[in-house]
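These notes are about the structure you will find just below.
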Amino acid sequence: MTAPHHPPTVVLAERLARAQSATRAAGLDALLISPGPDLRYLTGYDALPLERLTCLVLPADGDPRVVVPLLERPAAEASPLGDLGAELVAWGETEDPYALVASLLTRGDRVAVDNHMWAEKVLRLRAAMPGAEQHLAGAVLRELRIRKAPDEVEALRRAGAAIDRVHAQVPQWLRAGRTEREVGRDIADAILAEGHVTVDFVIVASGPNGASPHHEVSDRVIESGDPVVVDIGGTMPDGYCSDETRTYCVGEPPADFAAYYDVLLAAQKAACDHVAPGVSAESVDAAARQVIAAAGYGDFFVHRTGHGIGLETHEEPYIVGGNTEVLDAGMAFSIEPGIYLPGRHGARIEDIVVCGETGGERVNLRPRELVIL
Ligand code: ZN
Ligand code: ZN
């Protein structure tokens with residue numbers, strides 16, 4: 001049985017109702033949401049972001065309406081919007097959709113636009129509503145999206161299992177004499193073959209490239225004795241994302257690499273073990289960082305420990321020093337400490353972890369010990 005590509009109508013209706021009550025509580029008059037993860041979360045409509053305006057107009061009180069270009073109307077009707085009963089307000093090529101949005105609001109003194117709305121749309125809405133204060137809808141929607149419901153956690157488990165199946169095949173492609181790019185192509189094909197609809201990123205960072213956390217792929221030929229950081233992810237048909245890193249070694253690892261890999265493994269485990277409702281995001285970061293610093297590698301762990309994940313690969317909560325956000329059941333995020341020795345090599349281990357009622361649950365289950373090929 002294949003998983004549904006969008007939540008049931010009743011779930012979407014409940015999300016819209018919760019968003020409206022959060023909008024009222026924030027003292028806002030309306031949310032204006034263009035295509036992207038917020039629109040998909042609230043309505044199930046996975047609209048393409050285009051230059052023509054598509055916009056959910058969600059007043060604090062009253063019925064939601066969706067402004068759509070006339071030529072997008074059939075696609076919108078075929079989407080979950082059709083069952084949701086939200087009125088579609090179509091506009092023709094010579095009409096002004098921004099004035100149309102403004103005309104749909106009985107009160108529009110304080111409106112909030114989605115955080116990823118294109119600047120040209122934000123500015124044209126401002127021009128159409130010169131009296132309105134513009135705010136970010138993220139302040140309202142983060143509270144809904146940050147805690148995943150059980151069906152969303154299930155979606156993250158499916159994404160985790162799919163990317164696990166890709167990692168399981170990596171050893172057959174990672175060989176001395178091949179380039180990072182060649183290996184990356186095999187991995188990208190497998191990301192799609194294992195059930196994702198898009199390949200979001202493929203990092204194959206061999207030897208000294210492993211010391212650059214966001215290296216992608218290059219024409220470097222992998223050599224015997226190279227550690228290789230493989231960090232990969234994609235988006236599933238239901239919109240939920242995968243993201244998993246394992247570090248491999250082609251042949252026997254260099255001695256200085258072997259010395260820190262076990263430190264990294266212990267740090268990643270310490271952070272995962274620390275996850276529980278009531279602990280702060282920054283304390284999870286600290287749990288990993290302490291282990292690495294105590295072993296003398298603190299200066300070589302140059303990024304935060306993790307990021308939230310869901311309909312976006314990077315979303316709240318961020319697992320970083322200074323973030324005092326208290327973790328709660330349903331929050332999902334990566335735990336991905338790394339150690340990077342410039343000019344030499346690097347390593348990272350990453351799992352997606354969901355905070356449960358009593359502790360964290362990893363959705364990536366591939367072995368984390370160094371894989372020597
Ligand atoms: Zn990653
Ligand atoms: Zn990540």
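For ligands, and for the atoms within them, numbers begin at 1 and follow the listed sequence. A quick note: this is a predicted structure, and the numbers were derived from the prediction, not measured. In this chain, numbering begins with 1 at the start of the sequence shown.
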**Request:** Take the Zn ion (ligand 2) as the vertex and measure to OD2 of D243 and NE2 of H307; round to 10°.
**Result:** 90°
**Prompt:** Taking C-beta and beyond as the side chain, do I187 and V230 meet within less than 4.5 Å on heavy atoms?
**Reply:** yes
**Message:** the Zn ion (ligand 2) and H314: any N/O/S contact shorter than 2.8 Å?
**Reply:** no
**Message:** Under 2.8 Å from the Zn ion (ligand 2), can any N, O or S atom of E336 be found?
**Reply:** yes
**Request:** Examine R289 relative to F301 and say whether NZ or CZ is less than 6.0 Å from the centre of the six-membered ring and inside a 45° cone about the ring axis.
**Result:** yes
**Item:** Option among R145, R142, H116 that satisfies the side-chain hydrogen bond (donor to acceptor under 3.5 Å, both in side chains) test with D38
**Value:** R145
**Asked** Does a sphere of radius 6.0 Å around CD in Q134 hold more than 12 heavy atoms from other residues, nucleotides or ligands, not counting ones at 6.0 Å or beyond?
**Response** yes
**Item:** Metal-centred angle, the Zn ion (ligand 1) as apex - OE1 of E350, OD1 of D231, 10° resolution
**Value:** 100°
**Message:** Can you confirm whether the side chains of Q169 and H167 place a donor and an acceptor under 3.5 Å from each other?
**Reply:** no
**Asked** Is the distance from the Zn ion (ligand 1) to the nearest N/O/S atom of E244 under 2.8 Å?
**Response** no
